[in-house]
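Please read all numbers here as calculations on a predicted model, not as lab measurements.
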Amino acid sequence: MLATDLLSSIIPTVAPTESASTALELMDVFKVSHLPVVDGDEYIGLISDTIIYDLDNADRKICECHLHLPTPAVRGSQHIFEVIEMLSKTMLTTLPVVNDNGQYLGVIGISDLAFELSHLLSSENPGAIIELEMNVYDYSLSQIAQIVESNDSKVLSLHVRNTSPDTIVVTIKLNRTDVSGVIQTFERYNYNITAVHSVNEQYSSMLQDRLDSFIKFLNI
């Protein structure tokens, strides 16, 4: 999935000739802290509520302070993972998208990203989730997939995160809720199973908690 697939259909832009107070009102309506400043198809920069609060007069036009606006953006051809990385580094609530010539294409909002991320993680599909803890050097995607598929199951999504320099946790979403055979096979291969969620509602709740934490982190 590319950045152009994540563009918001509702988050507006503001023109350089509009007042800073107008931008602030729009931020309040759309529950964001940043809005793209666009003149035609030219991306000028990203104005924030912090910048506006720092002005001595919110009725001033945005063009009076646009030279000081940051210009974070991603290309339309960049992958969703690169979008997530950019948002996590910049702590933005919106992220402008431009083409290869730097022309404005649209904006990605945190809520749009969270919605697509839930699809990417197959949260809408029923199935169990298994967490495995292992040494990073023992990780083998092919073996994990072979174990799952040998028990007539499929891997819908898989996520790897480091818990230490040498240890990782592999989170696997499967297409079945009854995964007793998969668990037994993992145990036979001496995998350390740290958690099993076999009811879809449990997985959905856990995923929602993680998405909420992710959004909260980006809004710090």
Side-chain angles (χ1 to χ4, degrees), residues 1-3 5-6 33-34 70 72-75 77-95 108-125 127-151 153-177 179-200 202-220:
M1 178 170 288
L2 304 181
D5 300 317
L6 303 170
S33 299
H34 308 82
V74 291
R75 302 290 183 183
S77 57
Q78 288 185 255
H79 193 267
I80 184 175
F81 290 164
E82 295 176 286
V83 173
I84 293 172
E85 181 181 7
M86 172 71 83
L87 282 170
S88 66
K89 286 181 177 179
T90 58
M91 306 300 181
L92 299 174
T93 56
T94 61
L95 183 60
I108 299 170
I110 289 292
S111 58
D112 301 296
L113 182 60
F115 179 79
E116 294 300 337
L117 188 59
S118 69
H119 287 299
L120 189 65
L121 297 176
S122 300
S123 63
E124 73 276 15
N125 296 317
I129 188 165
I130 300 174
E131 290 189 355
L132 309 172
E133 186 177 55
M134 66 190 73
N135 188 288
V136 65
Y137 300 107
D138 295 330
Y139 172 64
S140 171
L141 177 58
S142 60
Q143 185 178 69
I144 291 173
Q146 188 275 327
I147 290 173
V148 171
E149 292 177 1
S150 68
N151 287 277
S153 300
K154 298 291 184 183
V155 176
L156 296 181
S157 66
L158 184 146
H159 176 259
V160 180
R161 64 182 175 89
N162 285 86
T163 54
S164 75
D166 298 321
T167 307
I168 60 173
V169 171
V170 181
T171 304
I172 315 162
K173 171 68 184 294
L174 306 181
N175 67 330
R176 298 178 59 183
T177 55
V179 290
S180 55
V182 177
I183 293 170
Q184 291 173 6
T185 306
F186 275 129
E187 290 175 338
R188 192 161 62 247
Y189 278 82
N190 296 316
Y191 277 90
N192 179 23
I193 301 173
T194 57
V196 177
H197 304 270
S198 60
V199 180
N200 186 50
Q202 291 177 320
Y203 172 71
S204 297
S205 177
M206 180 186 66
L207 178 61
Q208 187 60 53
D209 288 343
R210 291 183 177 178
L211 287 174
D212 291 343
S213 297
F214 172 71
I215 294 172
K216 182 179 180 181
F217 169 73
L218 291 179
N219 281 307
I220 292 175

When rounded to the nearest 0.5 angstrom, what distance separates [atom1] in [X] from [atom2] in [Y]?
| X | Y | atom1 | atom2 | result |
| --- | --- | --- | --- | --- |
| His79 | Met1 | NE2 | CE | 8.5 Å |
| Ile172 | His159 | CD1 | NE2 | 12.5 Å |
| Ile130 | His197 | CD1 | NE2 | 10.5 Å |
| Thr93 | His34 | OG1 | NE2 | 5.0 Å |

Side-chain donor-acceptor distances from residues 181-190 under 3.5 Å, at least two apart:
{"unit_1": "Thr185", "atom_1": "OG1", "unit_2": "Asn151", "atom_2": "ND2", "d": "3.1"}
{"unit_1": "Thr185", "atom_1": "OG1", "unit_2": "Gly181", "atom_2": "O", "d": "2.9"}

Quick one, Ile147 and Tyr191 - any side-chain contact, counting heavy atoms below 4.5 Å?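 The answer is yes; the side chains approach within 4.5 Å.
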
Is the shortest heavy-atom distance from the side chain of Thr94 to the side chain of Ile108 under 4.5 Å?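 SC-SC contact between Thr94 and Ile108 ruled out.
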
For Asn135, enumerate each residue passing the side-chain contact (heavy atoms from CB on, under 4.5 Å) test, keeping only those at least two apart in sequence or located in another chain.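 Counting only residues at least two positions away or on another chain, Asn135 forms a side-chain contact (heavy atoms from CB on, under 4.5 Å) with Tyr137, Asp138, Asp166.
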
The criterion is side-chain contact (heavy atoms from CB on, under 4.5 Å); which residues satisfy it with Met86, sequence neighbours excluded?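 For Met86, the residues satisfying side-chain contact (heavy atoms from CB on, under 4.5 Å) (neighbours in sequence not counted) are Val74, Thr90, Leu95.
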
Name all residues meeting the side-chain hydrogen bond (donor to acceptor under 3.5 Å, both in side chains) criterion together with [X]; count only those two or more places apart in sequence or in a different chain, and write none if there are none.
| X | result |
| --- | --- |
| Ser180 | Asp178 |
| Gln146 | none |
| Asn192 | Glu133 |
| Ser140 | Ser142 |

Minimal non-hydrogen separation, [X] against [Y], with atom names:
| X | Y | answer |
| --- | --- | --- |
| Ile110 | Leu92 | CD1-O, 3.7 Å |
| Val170 | Met134 | CG2-CE, 3.8 Å |
| Arg176 | Ser153 | CD-OG, 3.3 Å |
| Leu174 | Leu156 | O-CD1, 3.5 Å |

Please test Leu132 against Ile193 for side chain to side chain contact (heavy atoms under 4.5 Å, CB included), starting from the C-alpha separation and ending with a verdict. CA-CA 5 Å; Leu132 309 172; Ile193 301 173; 3.7 Å; yes

Taking only residues two or more places apart in sequence or in another chain, which ones pass salt bridge (charged side-chain N to carboxylate O under 4.0 Å, His left out) with Glu85?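 Glu85 satisfies salt bridge (charged side-chain N to carboxylate O under 4.0 Å, His left out) with Lys89 once adjacent residues are dropped.
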
